[in-house]
2 protein chains.
Amino acid sequence: MDDPIFDFLSKYIDLTEEEKAIISDIKFVRSLKKGTILLRQGDTTNECFFILKGCVYSYYLVEGEIKVTEFFEEKQPITPVSYITKQPSEYYLECLEDCIISMGSPERTAELMQKVPRLALMGPMMLEDELASQRIKYDTFIKLSPEQRYLHLQENSPQLLERIPQYLIASYLGIKPESLSRIRKRLVK
Amino acid sequence: MDDPIFDFLSKYIDLTEEEKAIISDIKFVRSLKKGTILLRQGDTTNECFFILKGCVYSYYLVEGEIKVTEFFEEKQPITPVSYITKQPSEYYLECLEDCIISMGSPERTAELMQKVPRLALMGPMMLEDELASQRIKYDTFIKLSPEQRYLHLQENSPQLLERIPQYLIASYLGIKPESLSRIRKRLVK
DNA sequence: ATTTTTCATTGACCTGGGTTAAGAAAGCAT
DNA sequence: ATGCTTTCTTAACCCAGGTCAATGAAAAAT
């Protein structure tokens with residue numbers, strides 16, 4: 001079993017082959033076209049996601065303008081705030097490429113927990129990890145200038161620069177595409 | 001029992017008077033002078049905090065410059081990343097006023113859990129809340145200009161503007177004190 | 001009370017990012 | 001291939017926030 005999902009789960013729990021078989025049996029995978037919207041602002045979602053292949057991004061629409069807050073790639077879980085709070089979502093989730101995504105619903109999660117109770121241990125661990133990385137993300141944003149943020153991204157996630165159109169990178173860095181062009185030009189020297 | 005700590009706990013669990021008595025018995029409260037540093041960059045902490053009275057702020061020191069990331073007031077828990085990860089802290093925690101703070105250690109937490117097992121249910125709930133509010137904080141910062149962030153703060157946490165020196169507010173908004181002065185002047189008109 | 005330190009404001013000038021508009025380059029569909 | 005659309009770059013101009021320096025006000029220390 002070399003499913004990316006087990007690669008991810010192994011960070012938290014060592015699963016037996018039997019348990020993996022149960023999970024494979026229950027999991028619900030979908031192929032989605034580029035541009036598919038997984039979650040719309042205003043909608044309340046009952047699903048969380050795990051990316052097997054492809055790339056997803058989250059963004060706000062503020063006065064008609066896209067404000068990107070995150071990119072998600074292979075082996076990353078996506079737990080929308082709306083999934084946790086059961087409140088309407090403030091932001092969108094959209095496929096940036098053709099994607100293969102494992103979808104989680106409360107029902108399937110319950111079934112999983114029932115058949116593989118040890119999985120319940122993962123919840124708080126994942127939450128802790130998420131919280132720590134979310135704080136680091138905020139703090140990094142605060143500490144750095146747009147130019148420094150670009151360098152930081154280049155350093156820490158170079159693959160994103162290959163994969164994602166620059167106008168979305170710019171938005172993610174909190175600037176306009178024109179400014180990112182200028183920053184890149186400046187840095188070449 | 002009108003201890004602020006029970007006010008806080010009641011958001012998650014209804015405690016019996018008996019349970020409250022046990023908690024009161026175990027909890028460890030300290031009075032701390034303004035300027036006391038609860039956590040220093042580079043130190044790994046074994047303690048988390050709950051503010052009974054006073055105000056605490058967290059900040060990074062970047063090239064000698066303070067970058068404030070959060071203010072904590074009465075009835076707020078503070079769980080340092082370092083407490084979770086057991087890694088050296090990236091930021092400082094300091095008392096902005098004379099404070100009365102309840103200190104949590106792994107030992108006391110374990111004792112609490114043992115004597116009031118239901119408290120364990122709170123952990124994941126608090127984590128979820130923390131995660132949601134941390135995301136909202138990040139997203140708000142990204143979406144708004146410095147001036148809008150000031151208005152947002154005025155709207156949502158006016159008490160902070162009364163309580164906290166402006167140069168720290170400025171840092172929290174991601175700008176210099178001079179700029180905050182100008183923004184305020186602009187807005188008066 | 002008085003001195004010292006810290007904090008807030010103001011003004012002059014600088015700079016990096018925003019805006020607008022145009023053209024070039026790269027993807028995509030037919 | 002050939003258009004059509006999307007994305008990227010460049011240039012000119014504007015402006016909010018940064019920087020530096022001076023002054024004033026308030027708080028702390030003695």
Side-chain angles (χ1 to χ4, degrees), chain A residues 33-37 54-55 57 59-68 71 94-98 141-154 158 160-189, chain B residues 32-37 54-55 57 59-68 71 92 94-99 141-154 160-189:
Chain A
K33 281 275 161 220
K34 172 176 176 173
T36 303
I37 295 186
C55 186
Y57 69 120
Y59 60 94
Y60 288 76
L61 261 185
V62 186
E63 291 156 32
E65 205 181 342
I66 284 182
K67 303 268 185 177
V68 176
F71 300 111
E94 179 172 336
C95 297
L96 229 158
E97 307 171 356
D98 292 348
F141 197 91
I142 291 231
K143 281 193 296 191
L144 304 181
S145 67
E147 179 170 328
Q148 289 172 320
R149 294 202 280 269
Y150 178 74
L151 290 169
H152 186 262
L153 189 64
Q154 208 171 35
L160 288 179
L161 298 181
E162 303 298 315
R163 187 167 200 178
I164 292 168
Q166 259 176 58
Y167 73 102
L168 292 180
I169 297 278
S171 171
Y172 180 65
L173 297 174
I175 58 179
K176 302 284 155 182
E178 297 91 331
S179 298
L180 180 52
S181 266
R182 271 186 305 218
I183 287 174
R184 282 159 52 85
K185 195 176 168 189
R186 247 179 5 235
L187 291 174
V188 173
K189 298 178 199 155
Chain B
L32 301 169
K33 281 275 161 219
K34 171 175 177 174
T36 303
I37 295 186
C55 185
Y57 69 119
Y59 60 93
Y60 288 76
L61 260 185
V62 187
E63 291 157 30
E65 205 181 343
I66 284 184
K67 303 269 185 176
V68 175
F71 300 110
Y92 293 80
E94 179 172 336
C95 298
L96 231 157
E97 308 172 355
D98 293 348
C99 287
F141 196 91
I142 292 232
K143 281 193 297 191
L144 305 181
S145 68
E147 178 169 330
Q148 290 172 320
R149 294 202 280 269
Y150 177 73
L151 290 168
H152 185 263
L153 189 65
Q154 207 170 35
L160 287 179
L161 297 182
E162 302 298 315
R163 186 166 199 179
I164 292 168
Q166 258 175 58
Y167 74 103
L168 292 179
I169 296 278
S171 172
Y172 180 65
L173 296 174
I175 58 179
K176 303 284 152 180
E178 296 92 330
S179 298
L180 180 52
S181 265
R182 274 185 303 217
I183 287 174
R184 283 158 50 86
K185 196 176 167 189
R186 246 182 2 237
L187 291 175
V188 172
K189 298 181 198 151

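Chain letters run A, B, ... following the sequence lines, proteins first and then strands; every chain starts at 1.
Neither OP1 nor OP2 of D/dT6 sits under 4.0 Å from any side-chain N or O of A/Gln166. Contact annotation: B/Arg184 does not reach the phosphate of C/dT10 (side-chain N/O to OP1 or OP2, under 4.0 Å). Neither OP1 nor OP2 of C/dG16 sits under 4.0 Å from any side-chain N or O of A/Lys185.
Summarising the geometry, the separation between OH on B/Tyr150 and C1' on D/dA16 is reported as 17 Å, rounded to the nearest angstrom. The nearest whole Å value for the distance from the CD1 atom in A/Ile183 to the P atom in D/dT9 is 12 Å. We find that CZ of B/Arg186 is positioned 12 Å from P of D/dC15, with the value rounded to whole Å. Rounded to whole angstrom, the span from the CD1 atom of B/Ile175 across to the P atom of C/dA8 amounts to 13 Å. At whole-Å resolution of the value, CD in B/Glu147 and P in D/dG18 are 13 Å apart. Atom CG in A/Leu144 sits roughly 16 Å away from atom P in C/dG16 (whole-Å rounding). Look at CG on B/Leu96: it is 10 Å from P on C/dC7, rounded to the nearest Å. Taking atom CZ of A/Arg149 as the reference point, atom C1' of C/dG16 lies 12 Å away to the nearest angstrom.
Side-chain contact check for A/Thr36 versus A/Glu94: every heavy-atom pair is 4.5 Å or farther apart. Side-chain contact between B/Leu173 and B/Pro146 is absent, with no heavy-atom pair separated by less than 4.5 Å.
Geometrically, A/Arg184 does not engage A/Tyr150 in a cation-pi contact, judged by NZ or CZ lying under 6.0 Å from the ring centre and within 45° of the ring axis.
Within 4.0 Å (heavy atoms only), A/Leu180 reaches no atom of the nucleic acid at all.
Between B/Glu97 and B/Arg163, at least one side-chain N (NZ, or NE/NH1/NH2) sits under 4.0 Å from a carboxylate O, which counts as a salt bridge. A salt bridge links B/Asp98 with B/Lys33: at least one charged nitrogen is closer than 4.0 Å to a carboxylate oxygen.
Relative to the side chain of B/Tyr167, the nucleotides D/dG17, D/dT7, C/dA8 differ in distance, and C/dA8 lies closest.
In terms of position on DNA chain C, the residue among B/Leu168 and A/Gly174 whose nearest nucleotide sits closer to the 5' end is B/Leu168.
When only modelled atom types and interatomic distance are considered, A/Ser181 and A/Glu178 share no side-chain donor-acceptor pair under 3.5 Å.
Relative ring orientation between B/Tyr92 and B/Tyr59 is described as parallel, the plane-to-plane angle staying below 30° on a 0-90° scale split at 30° and 60°.
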- Message: What does the B/S/- profile of nucleotides 19-29 of chain C look like, 5' to 3', with a 4.0 Å heavy-atom cutoff to protein?
- Response: BB-------S-
